[in-house]
Every structure is written in structure tokens, then in C-alpha cells.
Amino acid sequence: MRIVISYDISNDKRRRRIARIMEGYGYRVQYSVFECDLDAGKLAELQKRLTPLVNTREWESVRIYPLTLDCADRVIVIGKDLRKVLKGVEIV
């Protein structure tokens, strides 16, 4: 399943840790936004790793948006589409 994950973390150290974790599950499409293709087990694993890094008292959050295959195929990108660059099929 395609998943879009965004995060808003105020602490630089924890934000870097989250980014490093996310790089192991998907690819960065914006500074604090990643796209991932995960099964239910990997998603649960990722949630378990991220949860202790979020300070809810500071209004921090990680948002996980699951996309159906139909929705994922209809994503519109204006500018560089990293999904195509990473697959070696860059469209300009």
C-alpha cells in the first residue's frame, strides 16, 4: 500500500532521527514528507519506531495518509517527480 507520511517536529535532533528512520522505509518528496510502499506489518513497525519520538505536549505530530492504488496512480506532480527520477525515468 502506498502511504504518504508527513511530520512536524520542533526538536532538531528528534527531527533528524525521524528523517533517518523514514529513509529506511520510503523516499523523501518534500523536506518533511515521505512516500512509502508498505505492507501492514512494516507500517506497524514504523509506527512503533516513530511514536516515542513525538512530543505531543509540544503539538508535534506525524501524519500517515494511506492511498489506494487508484489514488496513488493519479498523483499529480508539478516539478521534479522523484518517483520517476529514482526509477531512472526522469520526465522534464
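Atom CG of Leu46 and atom CG of Leu38 lie 6.5 Å apart (nearest 0.5 Å). Annotation: the span from Ile64 atom CD1 to Leu50 atom CG amounts to 6.5 Å, rounded to 0.5 Å. In this structure, CD1 in Ile21 is found 13.0 Å from CZ in Arg16, a value given to the nearest 0.5 Å. Rounding to the nearest 0.5 Å gives a distance of 11.5 Å between CD of Glu35 and OG of Ser6. Rounded to the nearest 0.5 angstrom, Arg17 CZ and Asn11 CG are separated by 10.0 Å. One finds the OG atom of Ser10 at 6.5 Å from the CG atom of Asn55 (value rounded to the nearest 0.5 Å).
The minimum heavy-atom distance between Cys36 and Gly26, with the atom names listed, is SG-CA, 3.8 Å.
Side-chain contact annotation: Glu45 with Tyr25, donor-acceptor N/O pair under 3.5 Å present.
Side-chain atoms of Val4 and Val33, non-hydrogen and from C-beta on, do get closer than 4.5 Å to each other. At a threshold of 4.5 Å between non-hydrogen side-chain atoms, the residues Arg2 and Tyr65 do not count as touching. Side-chain contact between Glu60 and Tyr7: absent, with no pair of heavy atoms (C-beta onward) separated by less than 4.5 Å. For the pair Ile5/Met22, a side-chain contact is recorded, criterion being any heavy-atom separation below 4.5 Å from C-beta on. Under the 4.5 Å side-chain criterion, counting only non-hydrogen atoms from C-beta, Ile9 is not in contact with Leu53.
Scanning for side chain to side chain donor-acceptor pair (under 3.5 Å) contacts around Thr68 gives an empty result, with sequence neighbours left out. Take Glu58 and apply the salt bridge (charged side-chain N to carboxylate O under 4.0 Å, His left out) test, not counting sequence neighbours, and it matches no residue.
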(request) Report the C-alpha distance between Leu43 and Ile3 in whole Å, list the side-chain angles of each, state the deciding distance to 0.1 Å, and finish with yes or no for side-chain contact (heavy atoms from CB on, under 4.5 Å). (result) CA-CA 9 Å; Leu43 177 57; Ile3 299 177; 3.8 Å; yes
